[in-house]
Amino acid sequence: MRLLVLGGSVFLSRAVAADAVARGHEVVAANRGRSGPVPDGVRHVTLDRADPFPEALATGRFDAVVDVSRTPSHVRRAVAALSDAHWVFVSTVNVYADDADPGGPGVGRLREPQPDDVDGAEGPEAYGAMKVACEELVRAGAATAAVVRPGLIVGPGDPSGRFAYWPARLARVPEGATDVLAPGDPDDPVQVIDVRDLAAWVVDLAARRTEGTYDAVGPLAPVGELLAAVARGVGAEPRWVWADDAALEAADVRPWSGERSLPLWLPRPEYAGMPAHDSAPAIAAGLDPRPVEDTARDTLAWLRATPDAVVTGLTGAEEAEVLADLHRAPEGADAGV
């Protein structure tokens, strides 16, 4: 297969290029060349997607294209230039309009498409709406297409630092920090997908010219079980201190990611559907998720080998402050060990 990866130097698109070239496919990665090198064996072509699509790529006769863009104008130009190829477009579960509803393709209500380029910093609504428009452009313009909608992608190389918070935090447990703040209820469902597993599946979809739309998510697991798997992966035995939504909000802890956040926490019920999509259709189509223990171990190894890797979430001092407040909470409060 002759594969064009629009990107190829960061996280998922880089993992796609690396997996494809390792399997013997001919891979071209097109990007601006500002975010790091492409994998060994991949041919790099400089492309700024704000510019007209270059003729050298448009006449390249690619069997398949993988695109992760969120920007409608970029997708519009690329699809028009490469309409004969099979497309695998990486979208997001943020295309769904109701974060409380776990309904997937054909069931979950989508956001209204935003066909114009807007600043993704405006929030997940703008991001999801542009992704809806990009999906429509791919389906309408490509000869054949698969659309995959990931949830939380995790593993080595993650620039968001969300999942990385947990291996990094739990790696400190053997040093004496036995109490670890945990989010919500241990039975709350959550799901993650390792970037390497998602990348391998994207390459399969491209090579097989698979069509359809899938929620590209890992199996559902209670967050208590997932965090226990992370702890096993890094060799830690923490004492979990669970804090419900009200306790976390009262302590000015923020959900999901960013400063003073507790990653994997999403307030319920308003976000109950976002981390609870059905993984069965994607798994039936070949997605093969690895154990969370393996992802946690490999993520910690990557963090230790990458001094500038991003880890988002509570600092040690902030977590200690929240834990102290919880331990002082009156008997019967909804926070426990």
Side-chain angles (χ1 to χ4, degrees), residues 12 68 70 89-114 120 122-136 146-154 158 160 162-163 165-166 182-195 197-198 201 212-227 229-230 242-249 253-258 261-285 287 289 292 312-313 334:
L12 177 58
V68 300
R70 68 177 67 185
F89 181 71
V90 180
S91 187
T92 172
V93 295
N94 287 113
V95 297
Y96 298 111
D98 186 354
D99 292 327
D101 179 11
V107 178
R109 180 171 56 88
L110 300 181
R111 300 185 190 277
E112 288 297 317
Q114 169 53 269
E122 292 184 14
E125 294 81 8
Y127 171 62
M130 285 193 293
K131 281 287 197 178
V132 173
C134 291
E135 288 186 8
E136 293 181 349
V147 171
V148 298
R149 296 169 177 165
L152 181 57
I153 308 173
V154 302
D158 179 8
S160 78
R162 289 173 293 194
F163 178 81
Y165 171 87
W166 291 105
D185 187 298
D187 290 328
D188 287 341
V190 69
Q191 55 198 166
V192 299
I193 186 67
D194 190 294
V195 64
D197 302 331
L198 180 55
W201 186 51
T213 301
Y214 302 90
D215 286 343
V217 294
L220 277 176
V223 67
E225 291 183 11
L226 186 140
L227 290 179
V230 175
W242 292 92
D244 66 12
D245 292 359
L248 292 173
E249 289 169 357
V253 177
R254 294 153 201 173
W256 200 239
S257 67
S261 69
L262 192 56
L264 296 184
W265 173 46
L266 286 170
R268 316 290 170 130
E270 56 265 44
Y271 291 101
M274 182 178 287
H277 286 265
D278 185 5
S279 63
I283 290 173
L287 179 61
V292 172
T312 192
D334 287 334

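Counting begins at 1 with the first residue of the sequence.
- Note on ring orientation: taking the six-membered ring where Trp is involved, the planes of Y96 and H277 are parallel (angle under 30°, cut-offs 30° and 60°).
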Point to revise | Verdict with reasoning, L226 to V192, per side chain to side chain contact (heavy atoms under 4.5 Å, CB included) | key: CA-CA 9 Å; L226 186 140; V192 299; 4.0 Å; yes
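- Contact check on R149 versus E135 returns a salt bridge, with a Lys/Arg side-chain nitrogen under 4.0 Å from an Asp/Glu carboxylate oxygen.
- Separating the CG atom in L152 from the OG atom in S160 is a distance of 6.5 Å, to the nearest 0.5 Å.
- A donor-acceptor pair is defined here as one N or O able to donate and one able to accept, closer than 3.5 Å; no such pair exists between the side chain of S261 and the backbone of P255.
- Formation of a donor-acceptor pair under 3.5 Å by the W166 side chain with backbone atoms of P263 is found in this model.
- Proximity of L262 to W256: side-chain heavy atoms (C-beta onward) are nowhere separated by under 4.5 Å.
- Remark: D278 CG to L220 CG distance equals 7.5 Å, nearest 0.5 Å.
- Remark: side-chain polar atoms of D215 are not paired, donor with acceptor, to backbone N or O of V217 under 3.5 angstrom.
- Using a distance-only test at 3.5 Å, with no hydrogens or angles considered, a donor-acceptor pair links the side chain of Q191 to the main chain of A276.
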Side-chain atoms of residues 99-111: list all donor-acceptor pairs with protein atoms under 3.5 Å, sequence neighbours left out, distances to 0.1 Å.
{"unit_1": "D101", "atom_1": "OD1", "unit_2": "G103", "atom_2": "N", "d": "2.9"}
{"unit_1": "R111", "atom_1": "NE", "unit_2": "N94", "atom_2": "O", "d": "2.7"}

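- In E249, the CD atom is crowded: over 12 heavy atoms of neighbouring residues, nucleotides or ligands sit closer than 6.0 Å.
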Side-chain donor-acceptor pairs of residues 265-274 under 3.5 Å, sequence neighbours excluded:
{"unit_1": "W265", "atom_1": "NE1", "unit_2": "D245", "atom_2": "OD1", "d": "2.8"}
{"unit_1": "R268", "atom_1": "NE", "unit_2": "L266", "atom_2": "O", "d": "3.1"}
{"unit_1": "R268", "atom_1": "NH2", "unit_2": "P189", "atom_2": "O", "d": "3.2"}

